[in-house]
Every structure is written in structure tokens, then in C-alpha cells.
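What you see below is based on every heavy atom in this structure, not just the backbone, and it leaves out hydrogens, waters and symmetry mates. A note on names: the letters A, B, ... follow the listed sequences, proteins ahead of strands, and every chain is numbered from 1.
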Number of protein chains: 2
Amino acid sequence: MNEIMATGISVLLVDDHPIVRQGYRRVLESQGDLHVVAEADNAADAYSAFKARDPDVVLLDISMPGASGLEAIRNIRARSPRARILVFTMHNEAVLVKAAFSAGASGFVTKSSEPSAVVSAIRSVARGERAMSDDIAHILAEDSLSAGSALDQLGEREIEILRQFAGGATTEQIATHLNLSVKTVQNYHYLIKTKTGARTDAQLVRLAANCGLTKI
Amino acid sequence: MNEIMATGISVLLVDDHPIVRQGYRRVLESQGDLHVVAEADNAADAYSAFKARDPDVVLLDISMPGASGLEAIRNIRARSPRARILVFTMHNEAVLVKAAFSAGASGFVTKSSEPSAVVSAIRSVARGERAMSDDIAHILAEDSLSAGSALDQLGEREIEILRQFAGGATTEQIATHLNLSVKTVQNYHYLIKTKTGARTDAQLVRLAANCGLTKI
DNA sequence: TCCGGCTTGGGAAATTTGCCCGAGCTGCCA
DNA sequence: TGGCAGCTCGGGCAAATTTCCCAAGCCGGA
């Protein structure tokens, strides 16, 4: 790879929406120095593609169905600690950003960013630098000042379950997606309610929406 | 517009993520007959752009921040009943699909669809046909076997109870506010779910929010 | 090494849901 | 004038879920 594209940056594109991938591909390749060498629409394929192609940068949407995108980050980093992973998603909750960085991401940009910002973030992480879009920096800055949001008390699994629940998924659907027993999902549901102080499922949905975890 | 592009289809692109818009633009324009004549990232701009450019098709992501995308559909259709609106989002709940169609959408495709399916859906709605992706058709078909209709099937009391519930009130609180027994409120709750086709409380909250019944 | 927190689930009582029912009202239409 | 239809209100009861409490494995930090 390095011999072939000594002057370019090879990119692995991971997103579960085909047209979104196709859009990225065209945007990135129009830059000249960016080359999309593989695509994946789930965490498992992303890992396989990473092993096969060893790209300079992984552009990863962590809000994929099934296994957590954070899991994918950890898997890739476990195999290759030098991997540069740029998380690219529409979620902009501080807890998610921090979780991504602590899982080993090199950068975090939101889909609200200008394409030019995404492209320059790719170049930054390819150079080994840390990168984040302006809105993310702003959110992290605010977060570090104020006492955290209600979501800060939640663990990674709890956040994922809350996201799927607030998105309208049933308990069984969540259990299937995450390979958990229904009972465990119910327990998480209860735990999330007590931790956040929500007395009602509706309050939980509103909380998730207010924290940017789900769009309505 | 029609004189200039007699053989093509003019498209207004509405999505709140710049890079997603840019990706769509490139995918669509590579088709030859599709021309993106304007973009917007919110409902208000979408309406202005529609008035200014009178596109053949509006490709609209209804999950935008701020004003509901359904509102945007209604606004555009109110001004120009001949407008062709193709909803393009990652949500695939039956209630949302039905709400979009009853708001005046001509088609509904999910972001999980292949780009070619989206492109052919655009051509279909431009010809005045109705279009939906396979997964949406599947969901609607399943839904139509058992379910009732949308929100306007609800009586006054049901609407009021849904509003309070989606606002975060507990069953007891609603019962107290409305001077009803808890059992009656529970029965309404159940009735509302069956009438709207919502399988989950969370879906009910999203439905209420999407219909402007509650603000989040 | 031990402690604390996360993750995963079992158990059991309390509560809610799902779906059936009837009854009182209103309005409408023949 | 009768009758039908639809909304409102609630009881009943089995099935499901929620609410807690508990335990065990795992992992990272002190």
C-alpha cells in the first residue's frame, strides 16, 4: 500500500448507509490525495477490511446497528495500535466523544461539519495528530466546565441501550441487536431510569433527544 | 427551469449534513439526467428554495433539527400541490412513513437503500408515481395487516392524554389532571398505541413530537 | 491485592399491559 | 322516534413487564 500510494492517504470507509458511503467516496477521491481502498457497513466487515488493506485512516460512523462502533475501534486498535481512526457521526454528545477517544479514536468530526473540515481532519489524523471539528471542541470545552449532563452517569452499554430504546426499538429488538437476554435489557432499562431520575419512558426519550442521543 | 432542462429532472436537496448533501449531489449529478438546482439544511430554507427554484423533485431528510420535516412537507404542498417530495431518511417506523405520505410526500426511501434505488425513486416520483424502497414497502405491508391509521384517528381525549404522556407525565398524574381513574388512562394509553400503530412508548413520544403535539 | 464499577443475568413481588367487556352519553340519519 | 355509531369512562383477568435485590465475572486503578 505504501509503495503504491507513497504520496496519498488510503482510507477505509465504514458507514451502514450505501449512498452515504458512495457520497463520501466521491467527495474524498475528488481531493486527489485521498484514496478509498475499502468500504464496510458493519463492525465485523470493518475489522476484516482493516486487516486486509491496512489503510492509513479509518473513517468510521459509530452509530451502526448491531455491535457498537466503539467495539470496532477497540478491535482495530487492539490489532494495530498505530491505526488512525477518525470517527464521523451525527451524534455530538460529550460522553460519546470521550468514549470514542478513550477507545482509541484519533479524531471525531460530526456530519454537520463542512466537507473541507472532514478532509482536513483526515489529513491531520494521517499525520498522527488529533483532530476534532469545531462543534465537538466546543461541546467538550463546555462539558469540561459544567457539571456533566445526565448522560455522564451512564456507561457505554447503557448509552447504547438508551439510544436504541429512545429510537423506538422494543426490548426484544435491543436484546437481539446486542446479543443480550431480554432480562438484561430490562435491567438496563430500569438502571438507566434510576440513574437519570426519569420516572417514565417518555421522560427517557425526551432526555435522550435533549442530549443529542436520538433525533426525533 | 423547464425550458432550460427539458430533458432532465431538477432536484432540491434538503439534509442538515453538508457532506451528506455533497455526496448526494455528486451521486445524482453523475446520472446525467438529474440536476441538483438547490440545497437546504433546514425546513425554512427548503421552503424558500422551493419557491425560488420550483424543482421537479424535493429530496428531503425529515429528521432535521428544529422544525419538523413533516411541517416542511405540508408547507411545500400547501403552496404547490403538484410538488413531488421524496422523503429520504434513516428512520423506518410505519407511523412515520404514513405520516409522511399523509403530509403529502410522494415517496419514501431509507438511507439503507442502494443508491440506484434512490435514483430510480427520484425518476418515479418525477413521473408522478408513488415510490418507496423495499424495506419501507415491507414495513407498511406488515403494518397494514393489523394496524389502524395515524394521529388524526384519535379523539380529543386521546390526543390530550397522548400530549401529557409524551410530555413526561405519569399515568397517575394524567389521571389526577383529568379527573379520571388510572384504569381509564391506561386503557386510553393502550387504545392510542393500537390506533397509531406504535409498538412502544418511545415510538408514541416520537410520533407526538413529529406531529407537533409536544416539543422536545 | 483489594476495591469499585461495569456487564450480564436470576428471582419474586408489584404493577402494567393487552384485550375483552358493558354502560352512559351525544349526534346523526332515516 | 328509533336506531346506529362513536366517544368516554371504567371493570376484569391473564400475561407481560417493571421494580428491586442479589451474585458472579471482569477489568482498571489505588
Worksheet item: Which two nucleotides bound the region of DNA chain C that has atoms under 4.0 Å from heavy atoms of chain B, read 5' to 3'?
Response: C:dT16 to C:dC19

Worksheet item: What residues, two or more places apart in sequence or in another chain, satisfy ring-ring contact (aromatic ring centres under 6.0 Å, His included) together with A:Tyr188?
Response: none

Worksheet entry | Which residues share a salt bridge (Lys or Arg N to Asp or Glu O under 4.0 Å) with B:Arg77, sequence neighbours left out | none

Practice prompt. Encode nucleotides 18-28 of chain D as B, S and - characters from 5' to 3', where the letter depends on protein heavy atoms closer than 4.0 Å: B to the base, S only to sugar-phosphate, - to neither.
Written response: BBB--------

Practice prompt. Identify, between B:Ile161 and A:Glu172, the residue whose nearest nucleotide on DNA chain D lies closer to the 5' end.
Written response: B:Ile161

Fill in: Residues B:Asp16, B:Arg21: salt bridge by 4.0 Å N-O rule
no

Discussion item. So, using salt bridge (Lys or Arg N to Asp or Glu O under 4.0 Å) as the criterion, who are the partners of B:Glu158 when residues are at least two apart?
Written reply: B:Lys195

Worksheet, complete the sentence: Contacts satisfying salt bridge (charged side-chain N to carboxylate O under 4.0 Å, His left out) that involve residues 106-118 of chain A (not counting sequence neighbours) are A:Asp15-A:Lys111, A:Asp61-A:Lys111

Discussion item. Could you tell me how far apart B:Ile174 (CD1) and D:dG10 (P) are, to the nearest whole angstrom?
Written reply: 14 Å

Worksheet entry | Residues which pass salt bridge (Lys or Arg N to Asp or Glu O under 4.0 Å) with B:Arg130, listed by chain and number, not counting sequence neighbours | none

Worksheet item: Quantified as the angle between the terminal helix axes (five pairs each), what is the overall bend of the helix from C:dT1-D:dA30 to C:dA30-D:dT1 to 10 degrees?
Response: 30°

Pair up each side-chain donor or acceptor in residues 165-173 of chain A with any protein partner under 3.5 Å, not counting sequence neighbours, and list the distances.
from	atom 1	to	atom 2	distance (Å)
A:Thr170	OG1	A:Gln173	N	3.1
A:Gln173	OE1	A:Thr170	N	2.9

Worksheet item: If you look only at pairs with a residue in residues 116-129 of chain A, which of them pass as a salt bridge (charged side-chain N to carboxylate O under 4.0 Å, His left out), with sequence neighbours excluded?
Response: A:Asp33-A:Arg123, A:Arg127-A:Glu129

Worksheet, complete the sentence: With sequence neighbours left out, the residues meeting ring-ring contact (aromatic ring centres under 6.0 Å, His included) with B:Phe50 are none

Item to complete: Classify the nucleic acid contact of B:Thr184 as base, sugar-phosphate or nothing, counting any heavy atom under 4.0 Å across all strands shown.
Response: base

Practice prompt. Could I get the full list of salt bridge (Lys or Arg N to Asp or Glu O under 4.0 Å) partners for B:Glu160, not counting sequence neighbours?
Written response: B:Arg163

